[in-house]
Amino acid sequence: EVQLVESGGGLVQPGRSLKLSCAASGFTFSNYYMAWVRQAPKKGLEWVATISTSGSRTYYPDSVKGRFTISRDNAKSSLYLQMNSLKSEDTATYYCARQRTTTGYFDYWGQGVMVTVSS
Amino acid sequence: DVQMTQSPSNLAASPGESVSINCKASKSISKYLAWYQQKPGKANKLLIYSGSTLQSGTPSRFSGSGSGTDFTLTIRNLEPEDFGLYYCQQHNEYPYTFGAGTKLELK
């Protein structure tokens, strides 16, 4: 059974940093692209980052480019999201998701972790 | 970026009825549209990808159609567990973008 479990969320002040983790199990982690998708309170879904199987390629929307860094450790079946220079608009539930490599949809999701950016 | 316009925002229906949710892309995305279901306390669930391909485990009462810029999710013979939020997502190009969502409520 595919499982994705996020951790590392919490309350952080604007301008500070936070690192999220996602522990994957139930599939061969190194064979899949992985992604982060977020959802602000009472809002829709927003794709945040994608990383290739080896980690050599990463993709971001303009809203987080230069501030967020996605990474992975295939030996630990773990995905990470380093978030720097956080803004209030980054407040959201962050989901870890398995991405189908060549076609970009997300076939499994975690339950999500809440990040609140506030002073 | 490809803008995804989803309609309606809200939809009320009764078990046994059929409903349709629409998604319009700001430019052609070929067939590359996915549909997801979101319910409180549960992981988001992929229902359909590439416009009309049912994800394994998706009941056959769900169907997807469309290509280019206009897509539709149809749910026939609604079951109680079908009520929730539905999102479309274009998976044709980065940045991937989602529709604003449709809340399917019990009438």
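Each chain gets a letter, A, B and so on, in the order its sequence line appears, and its residues count up from 1.
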| query | Should A/Val12 and A/Met114 be regarded as members of a common hydrophobic cluster, given that ILVMFWY residues are connected when their side-chain heavy atoms come within less than 4.5 Å of each other, either directly or indirectly? | reply | no
| request: Could you state whether A/Leu18 and A/Ile70 fall into the same hydrophobic cluster, counting links through intermediate Ile, Leu, Val, Met, Phe, Trp or Tyr residues with side-chain heavy atoms under 4.5 angstrom apart? | output: yes
| query | Can A/Leu20 be reached from A/Ile51 by stepping across I, L, V, M, F, W or Y side chains whose heavy atoms are under 4.5 Å apart? | reply | yes
| field | Co-membership, hydrophobic cluster, residues B/Leu78 and B/Leu11, 4.5 Å side-chain | value | yes
Below 3.5 Å only, please: all the donor-acceptor pairs between chain A and chain B, one per line.
unit_1, atom_1, unit_2, atom_2, d
A/Gln39, OE1, B/Gln38, NE2, 2.8
A/Gln39, NE2, B/Gln38, OE1, 3.1
A/Gln39, NE2, B/Tyr87, OH, 3.1
A/Gln99, NE2, B/Tyr94, OH, 3.3
A/Gln99, NE2, B/Tyr96, OH, 3.3
A/Thr103, O, B/His91, ND1, 2.4
A/Gly104, O, B/Gln89, NE2, 3.1
A/Phe106, N, B/Tyr36, OH, 2.9

| request: Is it possible for you to say whether A/Val48 and A/Leu86 belong to one hydrophobic cluster, with membership spreading through side-chain heavy-atom contacts below 4.5 Å? | output: yes
| note | Tightest non-hydrogen contact, residues B/Ala43 and A/Gly110, listed as CB-O, 4.0 Å
